[in-house]
Amino acid sequence: MTREKDLYEAPAVEAKWQKFWEETGLFHASEDSPKPKYYLLEMFPYPSGDLHVGHMKNYFIGDVLGRYKMMRGFEVLHPIGWDSFGLPAENAAIQRGLSPAQWTADNIATSRATLHRAGVGYDWRREIAAYLPNYYKWTQWLFLKLYENGLAYRASGPANYCPGCQTVLANEQVVDGICYRCDTPVERRHLPQWYFKITSYADRLLADHALLAEHWPRHVITLQRNWIGRSEGMTVRFPLVGEEGRHFDVFTTRADTLYGVTFMALAPEHPALAELVAGLPQQEEVETFCRAAINQREIDRASAATEKHGVFTGRYVRNPVNDEEIPLWVADYVLATYGEGAVMGVPGHDQRDFLFARKYGIAVAPVIRPAEGELPRAEEMTEADAEYGVMENSGPYSGLTSEEGMARLAEAGPREGWGRATVNYHLHDWLISRQRYWGAPIPVVHCPQCGEVAVPYEDLPVLLPPEDQVDFTPAERSPLASCPEYLKTTCPGCGGPAERDADTMDTYVDSAWYFLRYCDPTNDEAPWERTRADFWMPVDQYIGGDEHAVSHLLYARFFQKFLADQGLLRDPEPFPALFNQGMVKARVEKANGSATMEVMSKSKGNAVPAGPFIAEHGADVARLYITFAGPPSKDMEWTEEGVDAAARWLQRVWRLVAGNIDAVREAVSFEELTEPERELYRATHRTLKRVTDDLERLHFNTCLAFLMDFVNRLYLWEAAEAPAFGYALYHLIKMLAPFAPHMAEELWHRAGRDDSVFRAAWEEADAGALAAAQVTVVVQINGKVRGRVAVPAGASEEEVFAAAAEEANVARHLEGRKVVKKILVPDKIINLVCK
RNA sequence: GCCGAAGUGGCGGAAUUGGUAGACGCGCUAGAUUCAGGAUCUAGUGAAGGAUUAACUUCGUGCGGGUUCGAGUCCCGCCUUCGGCACCA
C-alpha cells in the first residue's frame, strides 16, 4: 500500500533538477577557475529538429564523462551549438516555400529543448550557431586569413558536380562516385572554384598523427593516412619525338623500371591531347575515344576497373634514359587527377600496364629479376611482377637492387636533366565553394579593373541577402547570382562597379573552427582571444562518429595548424583525444515478415523520438539503457526489453536508497565495524575503484554492471541498521550520479544535502580497504582448476600448497602423483604441475 | 584486390599486464507474495555425463597448428562477418 508512494516519478523530479542546475549555473565554465580545465566536446550537430534516441548516444556519453570530471575537480567546458548552414534548410525553402532562417531557428529550438529535457549538462551561455552573422562573420574572416596567406585560391579545374544538389562537392563528399548527401551520381565539370590549399599541410597532417597515436582510434589515423596517400617517386620527362622542346612528364614510384618502359599513356582528359593529334589520321579516333571515356567513367567507373581501353595517338615520345622511341597512347585507366595525368607503361612490372599491353599488342620488357631467380621471359609471362628485385637490361644500373637503382636514378635525373624526385598525394586541395544560398558568402569581389579583390576585414560580415530577394531554385549557378541587390557592389580597390562572388562556403568550413569559438563565443573584436583559446584548448576529449574521419577531422586539423602558424593558437592539434561512439540500431520489419537491425533513422521508420520517449520514461532511463547496453564505442541494439530493464533497475535503486534514506552516512570508523560490515566496506571501495577505472576508460557498461552487482549485495543488508550499509548508500548515490543524474540529485538532497551532488568530490578508493586479510586462491593441477583455498593475504608458496593439500578434491587428484613444480601467482592462483 | 575492426551461452555483453571463461543484464524455468499482474522477491540457467540437495568428471571463446606450468588473450596458417578505400602509376 505504500508501494505507490515509493515509486520514482521521473518527469517531475527531472524537471526540478534541470531547473536547479540551470539556476545555479552548474555547467557554467569559467577561465578564472583555479581548477584544472577539461574541455569536453561532441561533434557539431546539425539541428535536424526531431532528435531520436540514437542521436542522444553521443550526448549522453559526453554528459556522463563531463559530470564525472566535474566531480573529479575539473573546470569542465562542455559547450553545444549548431552546424546550421546547409542544404536541408534551402530545400525546405524550395519545396515548401519556408524561410531557411526561420526553418533553421525552429529546428534549433526543437533540438535545444530536447537536449535540455534530456538533462545534458551544457554551458548554454556559449551556444553558437553557424548561420548567424556573428558566427559567419568570423568564418569569412578566416577565409580572408587563408587568402592573405595564399592558401585560398580560385582556379578552374575538374570539379565534382552533383546534379541533384546542383552544386560542386569536395572529394571527401563523393563516396563511390555518388553524392554523400543525395546519392546522385556525381559528374565531372570544369568550373572556376575556390579551394583551400590543404595539400600544403599534407606532410604535417601526416607527421602529427604521431601526436594522436595514443588517444585516437587507430583506424581513423589509418583512414587519414590512406586518404592523404603520400607517395614518393620521380617525375620523369619524356621528350616528344619530332617536336623539339615539347615533352610529357609522368610520375612514377618505380624509377627502377624505367628501362622497361614500352609505351606512354595519357588520361583522356589530358589538356594537351586535342592539339597533339590535330591533323593526324588518328585525330577522329582519339577524340571519339576520349569523349566516350570521359562520359563512361563517370557513370560507372567501378565495373570498368579491370577492362582497360585505349587508342594510339600516332605520336611517339623518347625514353630519356635509353633514348628509345615509344608509342604514345591514350588510356582510360589513367587518372587525370593524379600525378601528371600520364603514366609510363611498364608491362613487365605493373599489372595494369601488362593487361593493357597484352590487349593492344604492345611489347613487354622485363627489367627486374627476383633476387634469387631469373629474369622472366616476356612471352611466358601471364602477369606482371611488381616486386622489387635486381635490375637487368638497365644500362649502367644493371645489377643494382631496385632500392639502390631508384636512389641512383633520383640523383642522376636532375644532373642529366630528365627528372627529379617528387612526392605525390591522393589528397587534393579542398574545394570549398558551393552554388547554394544557405552558407557563408565568400568575401571576395570581382572587379573588371582590379580583378579578384578580397573584402576588407572591416567590411565583414558580407551578409546573405534577405530571402525575398533570392530565387532559391537551382539553375546551375548560385542563387545569389540571381540577386542583383547582393551581386552589385563597389570594388574595395578602385571604388568602381564590381560584382560579389556569388558562391557560398562548404559547411565543413563552419565546422573546421567552431571548437575555437566556444572559448570566446561573444567576442565582437576577433574570432577569439588568444588567452582564452590557450586556456581551454586543446579539446581534452572529442566525441563523435567515424563518418568524419577524413573530412571534418582533417579539415579541423588543417585549420588548427594554419592558425597556430599565424600565432593565433598555441597547439598543433585541436583534438588530442578522439572517441568514436558506435551507432544505435533498431529493428526494421520487412514486408516479407523478416526483420533486420539497422541504424536508427526516421526514413527507415525505426527511430524512437527522443522527446516522447523521455516524457514517458524519463531521461535517466534513456541514459542508463544506452550506457549499459554495450561498450559506447560499439554499435548497440535498441530493444523494448532493454528499456524495461533499465527502468526496473532504476526503481530498484530508488527503493533501496530512498527507502533507507535516513541511514545514509558520509563516514564510518573501520575499526568499529563488525567483520561482515568490513566486508561490505571493502565491497564499497572495490566498487568505487572499478567504477572509477572504467569511467576513465569510457567503459560505462561495466561501470553499471559493477553498480548492479553492488546494489544486489546491498539488498542483503537492507533491514540491518549497520553503519557500513549507510556508508555504502552514500557512495552509491555519488557513483550513480554520472549515469542517472536526476535520480542521484534527488537522493542526494533527500539525504540532507543542499548543494549539487556534482559539486561533491568523487573520492579515491581506499587502497588499504581493498587489501582483504583473507583471500581465496584457486588451486590448479596441470592447469585444471581442482579447488579453492582460503589463505591469509600474501601467503607464501609453501603456505598455499599446505592449505591446498588439505583440500579434499585437490588431495584426491594429488594421490599417487608427484608434484614436480609449483607456480604461485600471489593471492590469486597456484598451479601444481604433477606427474 | 588492399587496409582496418571483429567472431565468446538462446540474446546484449564481461574477462587492463597470459592466471577461476561466461561478471552484469535480457530471456527462460521453478517457487514465494499478490484479487490480479507485463509489479516485486528467492533460487536455477554453457553443453554433455554423473546424480532424487550429490561430490565430481569431460568438453567448451570461428577453424587448424604452435609457444607456455597455464591461452578468449601471444605466434603461424585459414574461414566468416562488418566497415573503409578501390585503376593513386
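Values below: all heavy atoms of this structure, side chains included; hydrogens, waters and symmetry mates excluded. Numbered from 1 within each chain, the chains take letters A, B, ... in sequence-line order.
- Of the candidate nucleotides C24(B), A89(B), A15(B), A15(B) has the atom lying nearest to any side-chain atom of R697(A).
- One C1' atom belongs to U73(B), the other to U16(B), and the distance between them is 11 Å to the nearest Å.
- Distance from the side chain of T222(A) is smallest for G4(B) among the nucleotides C85(B), A14(B), G4(B).
- Under the salt bridge (Lys or Arg N to Asp or Glu O under 4.0 Å) criterion, D694(A) pairs with R697(A), sequence neighbours left out.
- In this structure, F700(A) atom CZ and G13(B) atom P are separated by 17 Å, rounded to whole Å.
- Within 4.0 Å of H428(A), counting heavy atoms only, lies no atom of the nucleic acid at all.
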Throw together a table of side-chain donor-acceptor distances under 3.5 angstrom for residues 779-791 of chain A, partners on residues two or more places apart or in other chains.
{"unit_1": "N782(A)", "atom_1": "OD1", "unit_2": "C834(A)", "atom_2": "N", "d": "2.9"}
{"unit_1": "N782(A)", "atom_1": "ND2", "unit_2": "C834(A)", "atom_2": "O", "d": "3.4"}

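- Going from atom NE2 of H426(A) over to atom P of A89(B) covers 10 Å, rounded to whole Å.
- If you take atom P in A55(B) and the same atom in G64(B), they sit 31 Å apart, rounded to whole Å.
- Within the 4.0 Å cut-off from OP1 or OP2 of A14(B), at least one side-chain nitrogen or oxygen of N701(A) is found.
- Between the P atoms of G77(B) and C2(B), the separation comes to 14 Å (whole Å).
- Among the protein residues, P217(A) comes within range of no part of the nucleic acid, since none of its heavy atoms lies under 4.0 Å from any strand.
- Residue order along RNA chain B, read from the 5' end via each residue's closest nucleotide, puts E807(A) first among K585(A) and E807(A).
- If you check the side chains of Y425(A) and D203(A), you find a donor sitting under 3.5 Å from an acceptor.
- Nearest to the side chain of T252(A), among C3(B), G12(B), A89(B), sits A89(B).
- For T702(A), whose side chain is taken as the heavy atoms from C-beta onward, the closest listed nucleotide among U58(B), C85(B), A14(B) is A14(B).
- By the salt bridge (Lys or Arg N to Asp or Glu O under 4.0 Å) test, E799(A) is found to be paired with no residue, residues two or more places apart in sequence or in another chain being considered.
- Considering only the side chain of R655(A), U40(B) comes nearest among A15(B), A23(B), U40(B).
- Note on S231(A): a side-chain N or O is less than 4.0 Å away from OP1 or OP2 of A89(B).
- Here K689(A) pairs with D693(A) under the side chain to side chain donor-acceptor pair (under 3.5 Å) rule; sequence neighbours left out.
- Rounded to an integer number of Å, the gap from D694(A) CG to C24(B) C1' is 12 Å.
- Between D693(A) atom CG and A15(B) atom P there is a gap of 12 Å when expressed in whole angstrom units.
- N424(A) comes within 4.0 angstrom of nothing in the nucleic acid, heavy atoms only.
- A21(B) and G13(B): their C1' atoms are spaced 13 Å apart (whole Å).
- Nearest nucleotide to the L223(A) side chain, out of G19(B), C56(B), G84(B): G84(B).
- Residues M264(A) and V250(A) approach most closely at CE-CG1, 3.5 Å, considering heavy atoms.
- A sub-4.0 Å separation between OP1 or OP2 of G4(B) and a side-chain N or O of R218(A) is absent.
- Residue K784(A) has a polar side-chain atom (N or O) positioned under 4.0 Å from OP1 or OP2 of C59(B).
- Considering only side-chain N and O atoms, N580(A) lies nowhere under 4.0 angstrom from the phosphate OP1 or OP2 of A5(B).
- For the C1' atoms, the distance from C24(B) to A14(B) is 7 Å, rounded to whole Å.
- With rounding to whole Å, M406(A) atom CE is found 13 Å from A89(B) atom C1'.
- Within 6.0 Å of NZ in K828(A) there are 12 or fewer heavy atoms belonging to other residues, nucleotides or ligands.
- Residues T199(A) and D429(A) have side chains that bring a donor and an acceptor to within less than 3.5 angstrom of each other.
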In a table with atom names and distances, give each donor-acceptor pair under 3.5 Å that connects a side chain of residues 636-650 of chain A to protein atoms at least two apart or in another chain.
{"unit_1": "T639(A)", "atom_1": "OG1", "unit_2": "Y625(A)", "atom_2": "OH", "d": "3.3"}
{"unit_1": "T639(A)", "atom_1": "OG1", "unit_2": "G642(A)", "atom_2": "N", "d": "3.1"}

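- Residue-level contact check: D353(A) touches neither bases nor backbone, having no heavy atom under 4.0 Å from any strand.
- Under 4.0 angstrom from either OP1 or OP2 of A6(B) there lies no side-chain N or O belonging to H219(A).
- G25(B) has its base anti relative to the sugar, with a glycosidic angle deviating from 0 by more than 90°.
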- Message: Each nucleotide in nucleotides 25-33 of chain B should get exactly one letter: B, S or -. Can you fill that in based on protein heavy atoms under 4.0 Å?
- Response: SSS------
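- Looking at residues two or more places apart in sequence or on another chain, you find a ring pair (Phe, Tyr, Trp, His ring centres under 6.0 Å) between H617(A) and F613(A).
- Not one side-chain nitrogen or oxygen of R713(A) sits closer than 4.0 Å to the OP1 or OP2 atom of A23(B).
- For the pair L409(A)/W418(A), a side-chain contact is recorded, criterion being any heavy-atom separation below 4.5 Å from C-beta on.
- Taking 4.0 angstrom as the limit, R690(A) places none of its side-chain polar atoms (N or O) nearer than this to OP1 or OP2 of A23(B).
- Between the P atom of U42(B) and the CD atom of E718(A) lies a distance of 10 Å, rounded to the nearest Å.
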- List the protein contact pattern of nucleotides 69-75 of chain B with one symbol per nucleotide (5' to 3'): B for base contact, S for sugar-phosphate-only contact, - for none; contact means a heavy-atom distance under 4.0 Å. BS-----
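- Looking at residues two or more places apart in sequence or on another chain, you find no side chain to side chain donor-acceptor pair (under 3.5 Å) involving R690(A).
- Taking atom CG of N809(A) as the reference point, atom P of C56(B) lies 6 Å away to the nearest angstrom.
- Comparing G341(A) and G630(A) by the nucleotide of RNA chain B that holds the closest heavy atom to each, the one mapping nearer the 5' end is G630(A).
- Across the C1' atoms, U67(B) and G50(B) are found 36 Å apart, a figure rounded to whole Å.
- When base pairs are accepted only as Watson-Crick or G-U wobble with both N-N or N-O distances under 3.5 Å, RNA chain B takes part in stems of 3 or more pairs at B:1-7 with B:79-85, B:10-12 with B:24-26, B:27-32 with B:40-45, B:46-49 with B:56-59, B:62-66 with B:74-78.
- Taking F60(A) as the reference, nothing meets the ring pair (Phe, Tyr, Trp, His ring centres under 6.0 Å) condition, with sequence neighbours excluded.
- Scored by the ring pair (Phe, Tyr, Trp, His ring centres under 6.0 Å) test, Y715(A) finds no partners at all (sequence neighbours excluded).
- Comparing the P positions of G4(B) and G10(B) gives a spacing of 32 Å, expressed to the nearest Å.
- Rounded to a whole angstrom, the distance from the P atom of G25(B) to that of A39(B) is 16 Å.
- Atom CD1 in I294(A) sits about 17 Å away from atom P in C87(B), given to the nearest Å.
- A salt bridge between R682(A) and E679(A) is present, with a side-chain N of the basic residue lying under 4.0 Å from a carboxylate O of the acidic one.
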